[in-house]
Amino acid sequence: MTEDRIKLEPSWKARIGDYLARPDMKSLSDFLRNEKHAGKVIYPPGPEIFAAFDHTPFDAVRVVILGQDPYHGPNQAHGLCFSVRPGVQTPPSLQNIFKEIHRDLGYKAPDHGCLTPWADRGVLLLNATLTVQQGMAGSHQGKGWEGFTDAAIDALNREREGLVFMLWGSYAQKKGQLIDGRRHCILRSVHPSPLSAHRGFIGCGHFSAANQYLESRGVAPVDWSLPMRSELA
């Protein structure tokens, strides 16, 4: 995986492009190539692997939501954590995210699970692992992606100030070690999965808390509402 072959959004490439030249990234590239040659289906499609960076340039980031790895069902993953393509059934964790937004801010859940509008408004929807094999959750963990996404978080931590990081579940919270809580707002909760959402995610108030923090620093709050599917660009 060489820096010149990856179409990484320019502001991100300036910060973490060099990481792509590391030996572990070459090993990751070889792994992905071999998996495809073996006939395995990888999600998301190649052009969407770096979609989180494409939709949310470095200086546009206001909030970071960390996921674990992409959805592993057909037509689900499109490079933004927790998000699915329009027309795909909204996954249970995302349904719980919408429930909490409705409880916290009063916004009605949309008739789809596409979070691209959030990404375009400055919410970096970043999975720790950017690819997965069809039908096998976690199959690409430990192959090298984690170091790359760590580098992205580290760059935000060092070069930006006053960001909101939403860390849901133990996996995301491990990434919290990279974030200086004196420079940024860190919001922690259990994961929105049906297994844990009612042990603290529902009721966490993260969406209003994020906006209150941003406004306290003179930054515009995030519009957490989503248009109906027919209104998506």
Side-chain angles (χ1 to χ4, degrees), residues 1-22 24-61 64-91 94 110 112-153 155-156 226-227 229 231-233:
M1 188 172 297
T2 57
E3 180 188 350
D4 56 337
R5 288 176 54 199
I6 298 294
K7 289 185 170 57
L8 193 60
E9 191 279 330
S11 67
W12 282 104
K13 190 170 185 177
R15 272 91 179 177
I16 58 176
D18 289 348
Y19 195 96
L20 293 168
R22 288 171 48 115
D24 51 336
M25 289 287 96
K26 183 181 186 306
S27 296
L28 172 61
S29 181
D30 292 342
F31 165 76
L32 292 173
R33 192 179 306 110
N34 291 337
E35 291 288 278
K36 289 179 182 177
H37 285 168
K40 295 177 181 176
V41 177
I42 306 298
Y43 296 133
E48 294 178 322
I49 289 174
F50 296 99
F53 303 106
D54 294 337
H55 283 279
T56 317
F58 187 84
D59 291 322
V61 176
V64 181
I65 297 179
L66 286 173
Q68 192 159 339
D69 60 349
Y71 295 121
H72 53 82
N75 301 315
Q76 289 183 306
H78 64 128
L80 306 177
C81 75
F82 292 105
S83 182
V84 291
R85 298 174 188 279
V88 175
Q89 184 176 0
T90 303
L94 184 52
H112 62 87
C114 180
L115 304 182
T116 301
W118 288 0
D120 292 336
R121 296 170 192 161
V123 181
L124 181 66
L125 297 168
L126 183 64
N127 278 313
T129 304
L130 299 187
T131 57
V132 70
Q133 181 182 335
Q134 180 179 354
M136 294 186 64
S139 50
H140 290 185
Q141 290 176 15
K143 303 297 184 183
W145 280 126
E146 292 89 346
F148 177 73
T149 53
D150 280 356
I153 294 168
L156 287 170
L226 287 166
R229 183 182 169 191
E231 301 167 29
L232 286 172

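Count residues from 1 along the sequence.
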Closest non-hydrogen atoms of Thr56 and Trp12, given as atom of the first, atom of the second and distance, are O-NE1, 2.8 Å
Criterion side-chain contact (heavy atoms from CB on, under 4.5 Å) against Ile65, the qualifying member of Leu80, Val123, Asn127, Leu126:
Val123
One pair to check against side-chain contact (heavy atoms from CB on, under 4.5 Å): Ile49 and Trp145. What are the steps and the verdict?
CA-CA 11 Å; Ile49 289 174; Trp145 280 126; 3.8 Å; yes
Contact between Pro74 and Gln134 at the side-chain level, heavy atoms closer than 4.5 Å - yes or no?
yes
Rounded to the nearest 0.5 Å, the NE2 atom of His78 sits from the CG atom of Leu125 at a distance of 8.5 Å
Identify the two heavy atoms, one from His140 and one from Gln133, that lie closest to each other, and give their separation to 0.1 Å.
NE2-N, 3.7 Å
In Å, rounded to the nearest 0.5 Å, how long is the span from CG of Leu32 to NE2 of His37?
11.0 Å
Steps toward side-chain contact (heavy atoms from CB on, under 4.5 Å) verdict (Phe148, Met25):
CA-CA 8 Å; Phe148 177 73; Met25 289 287 96; 4.0 Å; yes
Taking all non-hydrogen atoms of both residues into account, name the closest pair between Ala151 and Tyr19 and its distance.
CB-CD1, 3.8 Å
Enter the distance from Glu48:CD to Leu130:CG here, rounded to the nearest 0.5 Å.
12.5 Å
Thr131 and Phe31: side-chain contact (heavy atoms from CB on, under 4.5 Å), yes or no, with the steps?
CA-CA 11 Å; Thr131 57; Phe31 165 76; 5.8 Å; no
Here the pair of heavy atoms bringing Ile42 nearest to Glu35 is CD1-CB, 4.1 Å
The reported gap from NE2 in His112 to CD in Glu231 (rounded to nearest 0.5 angstrom) is 8.0 Å
Looking only at non-hydrogen atoms, find the nearest pair between Ala155 and Ile16 and report the distance.
CB-CG2, 4.4 Å
Cys81 SG to Leu124 CG distance, which is reported to the nearest 0.5 Å:
8.0 Å
Roughly how far, to the nearest 0.5 Å, is NZ of Lys13 from CG of Asp18?
10.0 Å
Any pair with a residue in residues 131-150 that passes salt bridge (charged side-chain N to carboxylate O under 4.0 Å, His left out), sequence neighbours left out, goes on the list, sorted by first then second residue, please.
Asp150-Lys175
Shortest non-hydrogen contact from Ala77 toward Pro44
O-CB, 3.6 Å
Would you say that more than 12 heavy atoms from the other residues, nucleotides or ligands in this model lie under 6.0 Å from the CD of Gln89, or not?
no
Please evaluate residues Leu156 and Val61 with respect to the criterion side-chain contact (heavy atoms from CB on, under 4.5 Å), reporting the C-alpha separation (whole Å), side-chain torsions for both, the decisive distance (0.1 Å), and the verdict.
CA-CA 9 Å; Leu156 287 170; Val61 176; 4.2 Å; yes
Okay, side chain of Thr129, backbone of Asp69: is any donor-acceptor separation there less than 3.5 Å?
no
Consider only side-chain N and O atoms of Arg15 and Ser11, and report whether a donor and an acceptor are under 3.5 Å apart.
no
